[in-house]
Amino acid sequence: MLRAVLSRELLRHDPERVRAALTARNGDPDLVARWLALDEQRRAAIGAVEEKKRDRNAASQKIGELKRKGDNADEAIAAVSRLKGEIEAEEGQLAAVEGELSSLELTLPNLPHESVPVGADESANRVERVVGEPPRFDFAPQAHWDLGPRLGILDFERGAKLAGARFTAYFGAGARLERALIALMLDLHTGEHGYREVLPPFMVRGESLVGTGQLPKFEADLFKVEAHDLYLVPTAEVPLTNLHREEVLDEAALPVRYTAYTPCFRAEAGSHGRDVRGLIRQHQFNKVELVQLTTPAQSYAALEELTGHAERVLQVLGLPYRVVSLSTGDLGFASAKTYDIEVWLPGQDAYREISSCSNCEDFQARRANLRYRPHRPDGGGKPALLHTLNGSGLAVGRTLIAVLENCQQADGSVLLPPALRPYMGGLERITAA
RNA sequence: GGAGGGGUGGCUGAGCGGUCGAAAGCGGCGGUCUUGAAAACCGCUGGCCCUUCACGGGGCCCGUGGGUUCGAAUCCCACCCCCUCCGCCA
């Protein structure tokens, strides 16, 4: 099936806007001209084929009538046969054009929202707010890659022994802390923020990844189980957003709010040499995800709300952070607007991304055919595309890093935030085993 | 892994290869009736694409993709999904 990625209406009627958006995103603006040419070819081909089909259908019907009356239909049959050959040839051409068009469309990124700061990269990101104060230490704070092994709760060597670089084994209070964080986040989002908890498959088919935008362009970032033609999920955004693929939801059911814990698997292609130490960049990490499906009118309010839900986790844990609005050049492929939440990490002396909250508008909805039926007094209302939003709430491994580094004490122990203690069986402090 | 059964419109469920995008029922919407509601009766009630200022016209869709045929929901092939039984298994 041919599926547009950006709205074809928009491409046809306001190509300048798309060209400008592509430029702002460091994309190739010439793709718009190519698209317009292919679209023109496609429509011409459709017109030609359908005209012949109309003739063929009329003629075929006549054959039925002749035969029913017992008349000779040989002549009519011969005529239809000729048409058939022509139709097949033209359909072949049409299919070729459509194939080209849709491969091009699948590589076009979403258009940035007008409120997104324009810039080539992360240096143009806009800091929206800074919350909490970085802790002051009267000793030199350790990075988690020193702290964790000293406490006996993180083992990078043995993780590598099992699976190679970028895999880690957690022990004792470290393993439990990861589990505690997952439980705390899920409880918060289900109990206070109105999300429904989902436990989705951790592997998905290619269609789902096309739906959310990882495929076909970013295959290299994914782990694939080749023998079974399945991919490990790079984020719960994929299964959650695809749950209602090919469905038409009732407007009364909106907004749909889902939260899920899943491990995430990323090949981290092209990031060799970056964040090689510690837990920051792993091939496998845990994440609690937030997803919302909303009407177009609600989606930007929902983005603010969803970002607030993710922030709430850091507030409950007492961790300092800031929120930045990503610039056009730093925006993800599917996103129209993204807030990154960056937590303060004393071991790096920097704010680091711990959550990314995006409004994809109808970009994923168009790929995944996610629709709703608008409520109207007369009961009518054509199905319309939903808006999809997703955000980490939060990346669990990085939250564990933030707890270790921000709550470390002079003696090398970690004083746990009070909100976490019930989830740790009452444990107040992690000390060397 | 082996054997069998099945996927039709929002739902249930018919459908000798030709006027079937598809009977019927349910549901939904509108109307008649009613003070109002229910009941009864009447009418309407899928999606995508192309074209048109519009009215309208056309093409495609009966799990998906191919094939046979002048013509396929109906026949053939492959795949996907669901169900039953056997095997295996946390």
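Within every chain, numbering begins at 1; the chains are lettered A, B, ... in the order of the sequence lines, protein sequences first and strands thereafter.
- For B/C48, the OP1/OP2 oxygens have a side-chain nitrogen or oxygen of A/Arg371 closer than 4.0 Å.
- B/C48 atom P lies 18 Å from atom CZ of A/Arg43, rounded to whole Å.
- Atom CG of A/Leu108 sits about 5.0 Å away from atom CG of A/Leu104, to the nearest 0.5 Å.
- The aromatic ring centroids of A/Tyr195 and A/His309 lie less than 6.0 Å from each other.
- B/G67 and B/G17: their C1' atoms are spaced 15 Å apart (whole Å).
- The C1' atoms of B/G87 and B/G1 are separated by 7 Å, rounded to the nearest whole Å.
- Counting only residues at least two apart or on different chains, no ring pair (Phe, Tyr, Trp, His ring centres under 6.0 Å) pair has a member in residues 36-64 of chain A.
- A gap of 23 Å separates the C1' atoms of B/C81 and B/A22, to the nearest Å.
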Review item, side-chain donor-acceptor pairs of residues 201-212 of chain A, under 3.5 Å, at least two apart:
unit_1: A/Ser208; atom_1: OG; unit_2: A/Arg245; atom_2: NH2; d: 2.8
unit_1: A/Thr212; atom_1: OG1; unit_2: A/Ser208; atom_2: O; d: 3.0
unit_1: A/Thr212; atom_1: OG1; unit_2: A/Gln214; atom_2: OE1; d: 2.7

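- The separation between A/Glu207 atom CD and B/G63 atom P is 18 Å, rounded to whole Å.
- Distance noted for atom P between B/C42 and B/C26: 11 Å (whole Å).
- Taking atom P in both B/A23 and B/A73, one finds a spacing of 15 Å when rounded to whole Å.
- Side-chain proximity of A/Pro383 to B/C50, B/G47, B/C70: nearest is B/G47.
- Closest to the side chain of A/Arg42, from the set B/C49, B/U51, B/G47, is B/C49.
- The nearest whole Å value for the distance from the NZ atom in A/Lys52 to the C1' atom in B/C70 is 17 Å.
- Closest-nucleotide positions on RNA chain B for A/Lys84 and A/Arg12 were compared, and the one nearer the 5' end corresponds to A/Arg12.
- A donor-acceptor pair is defined here as one N or O able to donate and one able to accept, closer than 3.5 Å; such a pair exists between the side chain of A/His283 and the backbone of A/Arg266.
- Comparing the C1' positions of B/G28 and B/G9 gives a spacing of 14 Å, expressed to the nearest Å.
- Taking atom CD of A/Glu40 as the reference point, atom P of B/C49 lies 17 Å away to the nearest angstrom.
- Per the geometry, NZ belonging to A/Lys382 stands 12 Å off P belonging to B/G10, to the nearest Å.
- Nucleotide B/U64 holds its C1' atom 13 Å from the CZ atom of A/Arg245, rounded to whole Å.
- Checked against a 6.0 Å centroid threshold, the rings of A/Tyr300 and A/His113 count as neighbours.
- Under a 3.5 Å cut-off, the side chain of A/Arg373 and the backbone N or O of A/Val248 do not form any donor-acceptor pair.
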Could you list, one pair per line, each protein nitrogen or oxygen that sits under 3.5 Å from a nitrogen or oxygen of nucleotides 80-83 of chain B, together with the distance?
unit_1: B/C80; atom_1: O3'; unit_2: A/Arg205; atom_2: NH2; d: 2.6
unit_1: B/C81; atom_1: OP1; unit_2: A/Arg205; atom_2: NH2; d: 2.6

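- The two residues A/His244 and A/Val256 have their closest heavy-atom pair at NE2-CG1, 4.5 Å.
- When the P atom is compared between B/C48 and B/A37, the two are found 34 Å apart, to the nearest whole Å.
- The ring of A/Phe218 has its center closer than 6.0 angstrom to the ring center of A/Phe333.
- In this model, no donor atom of one side chain and acceptor atom of the other lie less than 3.5 Å apart for A/Lys287 and A/Thr262.
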Return a table of donor-acceptor pairs under 3.5 angstrom between the side chains of residues 20-32 of chain A and protein atoms on other chains or two or more places apart.
unit_1: A/Thr23; atom_1: OG1; unit_2: A/Arg19; atom_2: O; d: 2.9
unit_1: A/Arg25; atom_1: NE; unit_2: A/Asn110; atom_2: O; d: 2.5
unit_1: A/Arg25; atom_1: NH1; unit_2: A/Leu331; atom_2: O; d: 3.4
unit_1: A/Arg25; atom_1: NH1; unit_2: A/Gly332; atom_2: O; d: 3.3
unit_1: A/Arg25; atom_1: NH2; unit_2: A/Asn110; atom_2: O; d: 3.4
unit_1: A/Arg25; atom_1: NH2; unit_2: A/Gly332; atom_2: O; d: 2.8
unit_1: A/Arg25; atom_1: NH2; unit_2: A/Ser335; atom_2: O; d: 2.7
unit_1: A/Asn26; atom_1: ND2; unit_2: A/Ala120; atom_2: O; d: 2.9
unit_1: A/Asp28; atom_1: OD1; unit_2: A/Asp30; atom_2: N; d: 2.9

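- Rounded to an integer number of Å, the gap from CD of A/Glu251 to P of B/G10 is 19 Å.
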Close N/O contacts between protein and nucleotides 55-60 of chain B (under 3.5 Å):
unit_1: B/G58; atom_1: N2; unit_2: A/Glu50; atom_2: OE1; d: 3.0
unit_1: B/G59; atom_1: OP1; unit_2: A/Asn57; atom_2: ND2; d: 3.2
unit_1: B/G59; atom_1: O2'; unit_2: A/Glu50; atom_2: OE2; d: 3.4
unit_1: B/C60; atom_1: OP1; unit_2: A/Arg56; atom_2: NH2; d: 3.1
unit_1: B/C60; atom_1: OP2; unit_2: A/Asn57; atom_2: ND2; d: 3.3

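- The CD-P distance, from A/Glu88 to B/G66, rounds to 12 Å in whole Å.
- The separation of B/C86 from B/A14, taken at their C1' atoms, amounts to 34 Å, rounded to a whole angstrom.
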Worksheet item: Hey, mind stepping through A/Arg8 and A/Glu105 against salt bridge (charged side-chain N to carboxylate O under 4.0 Å, His left out) and telling me if it holds?
Response: CA-CA 10 Å; A/Arg8 288 189 168 154; A/Glu105 287 178 331; 3.0 Å; yes

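- A/Arg166 has no carboxylate O lying under 4.0 Å from a charged side-chain N of A/Glu268, or vice versa, which leaves the two without a salt bridge.
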Practice prompt. Kindly express the pairing pattern of RNA chain B in dot-bracket notation, using | wherever a base pairs with another strand and counting only Watson-Crick or G-U pairs under 3.5 Å.
Written response: ((((((((.[[[..)..(.....]]]((((((.......))))))((((((....)))))).[[[[[..)....]]]]])))))))....

